[in-house]
Amino acid sequence: MRNVDAAGLGIGDDYPPRIMGVLNVSAESPYDPSVYDDPGEAAAYVDEELIDEGADIVDVGLESANKDLDVLSAEEELERLDTAVEAMESTAGDAVWSIETRYHEVADAALSRGFDMVNDICGFADPEMPRVCREHDVAVSKMASPPDLERPGAIEAVDDIYDALAMNGFTDKTILDPAFGGWSEAKTLGDDRETFRRLREFRGYGRPLLVSINRKNFLRDLAGRSTEAALPVSLAATSMAVERGAHVIRTHDVAETRDAALIGAAFSRDRTRVAAASDVDTAASNRDADAEVAVEELDVTTVREAERHLDRLDAPLDVAERAVVHSYEISGLSEAAVGALRAATADGPAAFALGEPASPDAVDAAGVGETADGPGTAARGLLVGTPEAIETVGSRVSDVSNGLDHVFDEISTALR
């Protein structure tokens with residue numbers, strides 16, 4: 001995973017989660033507590049409600065991204081830049097300042113006047129944006145978006161988000177945002193939930209991730225909460241997002257989100273990471289004394305996630321089927337089913353371990369398998385293997401019992 005330096009602020013797996021607080025200088029923005037048109041009041045808000053509460057980054061919006069409003073031109077955004085710059089210059093606290101825009105002209109002007117990074121809500125739909133960010137040597141957050149400056153984040157199929165993130169390439173300091181929220185009429189709450197479930201997949205480019213999920217509809221709807229009452233669901237999702245690999249959380253609720261992000265980071269799974277170092281074994285064998293070896297254990301839980309990393313490395317994708325291991329407890333097994341599973345795993349495509357017989361109540365609850373001597377004698381065991389191996393076992397035990405066939409049909413459907 002590539003780390004990014006944002007004006008001295010490290011972002012990536014080697015750093016704690018970063019909090020991006022929001023300041024809007026757009027009267028039409030929907031979240032009133034963050035909207036200011038007076039630079040002094042904006043600066044006080046940034047100091048007291050953002051930086052003092054733990055924001056690492058202050059993201060300044062010049063216009064609302066509401067899809068129902070007219071899009072401002074670059075010239076109209078530039079007219080609002082003075083307020084943002086004055087607020088930045090009047091702020092006492094220390095933070096990285098990010099300008100939210102879709103136009104390279106606005107990004108160039110803001111960076112020239114003291115801003116530290118760019119939050120491109122149209123994901124390089126302006127093809128000059130990468131050049132501007134490279135010339136200023138700044139970090140840039142790039143949101144998944146169609147190649148259209150008037151349709152930020154309006155990706156209407158979850159399967160298209162990954163490719164959209166690559167539009168017009170990356171800079172060395174690009175941070176990726178898969179785009180949550182109502183950017184498109186065709187985008188459903190279910191689409192946002194599916195995007196969240198697949199968050200690890202977007203790590204496949206090997207670049208830090210930013211998520212903006214604060215009080216979003218796809219979370220509020222699950223709990224039946226209004227925007228004002230939706231903070232708890234945002235915090236729950238924040239911890240989950242960080243555990244799943246997010247590095248920057250954009251929020252209006254800084255202090256609470258910071259705490260939730262720290263909890264998510266503390267309980268994320270430790271993964272092996274060893275920086276490049278001289279390979280003494282290689283040197284000792286007089287092969288290549290300058291060789292360096294590094295290792296990073298990838299956060300991969302599905303075949304699709306493995307495919308993303310393989311594609312990034314230009315490696316054969318068929319390895320993906322062997323990159324993830326699943327474990328299944330199967331109960332209600334007859335003697336014939338146990339024998340079939342043992343035979344099917346004898347040569348190692350998967351592993352099967354037989355446990356103690358289940359209780360009659362447990363067997364009845366499982367509702368699968370047949371036994372010759374009644375439910376009290378039904379066996380249970382653990383089947384472990386890669387998707388490819390599990391499919392192989394399923395084909396080998398086909399027709400042994402109706403219950404076993406049903407189990408492997410369900411497993412096969414889930415694996416696909």
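Side chains included, hydrogens not; waters and symmetry mates left out as well; all remaining heavy atoms used.
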What closest approach, in Å, do [X] and [Y] show between heavy atoms, and which atom pair accounts for it?
X    : Y    : answer
F180 : P178 : CE1-CG, 3.8 Å
A125 : P146 : CB-O, 3.9 Å
I19  : G54  : CB-O, 4.0 Å

Looking at R215, K216, R220, which hits side chain to side chain donor-acceptor pair (under 3.5 Å) with T227?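 Filter result, single survivor: R220.
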Considering residues at least two apart in sequence or located in another chain, which fulfil the salt bridge (Lys or Arg N to Asp or Glu O under 4.0 Å) criterion with E86?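 Scan of E86 (salt bridge (Lys or Arg N to Asp or Glu O under 4.0 Å), adjacent residues dropped) gives none.
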When rounded to the nearest 0.5 angstrom, what distance separates [atom1] in [X] from [atom2] in [Y]?
X    : Y    : atom1 : atom2 : answer
L415 : T302 : CG    : OG1   : 11.0 Å
D191 : E156 : CG    : CD    : 9.5 Å
I121 : T101 : CD1   : OG1   : 7.0 Å

[X] with [Y]: basic N within carboxylate O range, under 4.0 Å:
X    : Y    : result
E63  : R102 : yes
R113 : E89  : no
D126 : R131 : no

Among residues two or more places apart or on two chains, list those pairs meeting salt bridge (charged side-chain N to carboxylate O under 4.0 Å, His left out) that have a residue in residues 199-208.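 Salt bridge (charged side-chain N to carboxylate O under 4.0 Å, His left out) check on residues 199-208 returns D13-R203, R198-E201, R200-E243, R200-D299, E201-R304, E201-R308.
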Considering only residues two or more places apart or on different chains, which pairs with a residue in residues 396-410 satisfy salt bridge (charged side-chain N to carboxylate O under 4.0 Å, His left out)?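 Found D347-R396.
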For F196 and F218, take the angle between the two ring planes, folded into 0 to 90°, and tell me which bin it lands in: parallel under 30, tilted 30 to 60, perpendicular over 60.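 Aromatic pair F196/F218 classed tilted.
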With a 6.0 Å cut-off on ring centres, are Y162 and Y205 close enough?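 Yes - the distance between ring centres of Y162 and Y205 falls below the 6.0 Å cut-off.
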Can T345 and L383 be said to form a side-chain contact (heavy atoms from CB on, under 4.5 Å), step by step? CA-CA 9 Å; T345 57; L383 179 66; 4.1 Å; yes
